[in-house]
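As structure tokens, the structure follows; a few thoughts come after it.
Just so you know, these numbers come straight off a predicted model, no measurement behind them.
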Amino acid sequence: MTAMVKSEGVHKSFGATEVLKGIDLEVAEGEVFCLIGPSGSGKSTFLRCINHLEKINAGRLYVDGELVGYRQKGDKLYELKDSEVALKRRDIGMVFQRFNLFPHMTAIENVMEAPIQVRGESKAVVRERAERLLDRVGLADKARNYPSQLSGGQQQRVAIARALAMEPKLMLFDEPTSALDPELVGDVLDVMRGLAEDGMTMIVVTHEMGFAREVGDSLVFMDGGVVVESGHPRDVLTNPQHDRTKSFLSKVL
């Protein structure tokens with residue numbers, strides 16, 4: 001079975017600062033893969049490399065068997081044109097910490113925008129899908145509301161519906177609950193649980209250890225741009241092997 005995501009020796013630097021120092025990992029199709037670690041450990045940067053929002057400096061990244069951002073001829077890599085990258089990015093949904101909704105559009109218009117603009121799908125077809133997705137994230141009654149009329153948790157659920165509207169084969173979540181009030185976190189995690197049950201391949205950068213333990217299939221602890229420890233979430237969280245992991249978990253659990 002092809003891994004949905006495969007990372008081989010991925011390095012990324014910003015100027016003189018090396019943020020990723022050789023990341024090797026694989027995410028199977030249908031897997032919920034959780035990334036944890038302190039701020040600045042490289043988790044979000046790695047996530048952004050997967051859909052080529054950040055360009056890697058060395059190594060190889062594959063999504064569904066295809067190189068991300070490059071094509072290979074012989075042993076040389078050639079960077080893809082922006083239009084080609086955009087084409088591949090359509091298969092990858094991303095949900096950010098901040099919801100990034102279009103403020104001048106209603107919830108349903110936010111969800112409909114990309115399939116119509118990017119894929120040229122018909123409005124009627126997309127509207128039906130958007131209504132179904134808003135219902136799925138528990139916001140059927142908020143379809144006509146603007147982002148300013150929604151709570152943070154509701155905006156984040158609209159953002160998830162918007163990412164799903166492109167029918168991606170992979171969903172990336174970058175700390176999707178960290179900007180939310182505590183009482184709103186549960187609704188967003190419930191939506192993500194539902195996606196996991198439906199077999200969506202998900203990579204989740206998170207501080208929600210309960211979610212990682214219950215829903216995750218694999219968990220990686222990153223620190224200082226490297227993978228320190230990986231395994232089944234329950235094993236890593238209840239019986240970490242590495243001192244650095246133990247120290248981190250003692251502060252967050």
Would you compute the distance between atom CG of Leu87 and atom CZ of Arg119 and round it to the nearest 0.5 angstrom?
10.5 Å
Does anything in residues 205-241 pair up under ring pair (Phe, Tyr, Trp, His ring centres under 6.0 Å), and if so which pairs, sequence neighbours excluded?
Phe221-Phe248
Would a 4.5 Å heavy-atom cut-off, applied to side chains only, mark Met171 and Ile160 as touching?
yes
Hydrophobic cluster (4.5 angstrom, side-chain heavy atoms) - remaining members for Val125
none
Specify the closest pair of heavy atoms between Leu237 and Met209, including all atoms of both residues, with the distance to one decimal.
CD1-O, 3.7 Å
Step by step, work out the side-chain contact (heavy atoms from CB on, under 4.5 Å) result for Ile23 and Met222.
CA-CA 10 Å; Ile23 302 293; Met222 278 178 72; 3.8 Å; yes
Testing the basics here: between Arg244 and Pro38, what is the closest heavy-atom pair and its distance to 0.1 Å?
NH2-CG, 3.7 Å
Answer with yes or no whether the side chains of Lys246 and Ser250 bring together a donor and an acceptor at under 3.5 Å.
no
For the residue pair Ala165 and Pro115, what are the closest heavy atoms and their distance?
O-CG, 3.6 Å
Arg48 and Glu54 ion-paired at < 4.0 Å:
yes
From CA spacing to verdict: side-chain contact (heavy atoms from CB on, under 4.5 Å), Val252, Ile36:
CA-CA 11 Å; Val252 296; Ile36 65 167; over 6 Å; no
When you compare the side chain of Phe99 with that of Asn110, does any pair of heavy atoms fall below 4.5 Å?
no
ILVMFWY network linking Phe33 to Val63, side-chain heavy atoms under 4.5 angstrom
yes
Walk me through whether Leu47 and Met94 qualify under side-chain contact (heavy atoms from CB on, under 4.5 Å).
CA-CA 9 Å; Leu47 210 60; Met94 184 149 186; 4.2 Å; yes
Given the rule in the side-chain contact (heavy atoms from CB on, under 4.5 Å) test, do Lys142 and Val158 qualify, once you have shown the distances and angles that lead to the verdict?
CA-CA 9 Å; Lys142 303 289 187 192; Val158 172; over 6 Å; no
Can you confirm whether Lys12 sits close enough to Phe46 that some side-chain heavy atom of one is under 4.5 Å from a side-chain heavy atom of the other?
no
Which pair of non-hydrogen atoms, one from Val85 and one from Gly69, has the smallest distance, and what is that distance?
CG2-CA, 4.3 Å
What pairs with Asp217 under salt bridge (Lys or Arg N to Asp or Glu O under 4.0 Å), at least two apart in sequence or on another chain?
none
Rounded distance (nearest 0.5 Å) linking atom OG1 of Thr201 with atom CG of Leu172:
10.5 Å
Please determine whether the number of non-hydrogen atoms from other residues, nucleotides or ligands lying under 6.0 Å from atom NZ of Lys123 exceeds 12.
no
Measure the spacing between CG of Leu134 and CZ of Arg157 and express it to the nearest 0.5 Å.
10.5 Å
Glu167 CD: over 12 foreign heavy atoms closer than 6.0 Å:
yes
Given side chains that start at C-beta, do those of Val27 and Leu170 come closer than 4.5 Å, heavy atoms only?
no
What heavy-atom pair brings Ala179 and Gln97 nearest, and what distance separates the two atoms?
CB-O, 3.8 Å
Within a strict 4.5 Å, meaning less than it, do heavy atoms of the Leu80 and Arg71 side chains meet?
yes
Do Val226 and Val220 belong to the same hydrophobic cluster, where Ile, Leu, Val, Met, Phe, Trp and Tyr are linked whenever their side-chain heavy atoms lie under 4.5 Å apart, directly or via other members?
no
Mind checking whether Pro168 and Ile92 have side chains closer than 4.5 Å, heavy atoms only?
no
Between Gln156 and Val191, is there a side-chain heavy-atom distance shorter than 4.5 Å?
no
The single option from Leu180, Asp181, Asp187 that satisfies side-chain contact (heavy atoms from CB on, under 4.5 Å) with Glu183 is Asp181
Nearest-0.5 Å distance, OH of residue Tyr78 to CG of residue Leu67:
13.5 Å
Does CG belonging to Asp198 count more than 12 external heavy atoms closer than 6.0 Å?
yes
Separation between CZ (Arg162) and CG (Leu101), nearest 0.5 Å, reads 5.0 Å
From Asp174 CG over to Arg98 CZ, what is the distance, rounded to the nearest 0.5 angstrom?
12.0 Å
Using side-chain heavy atoms (C-beta onward) and a distance below 4.5 Å, is Met112 in contact with Leu133?
no
Are the charged groups of Arg193 and Asp190 less than 4.0 angstrom apart, N to O?
yes
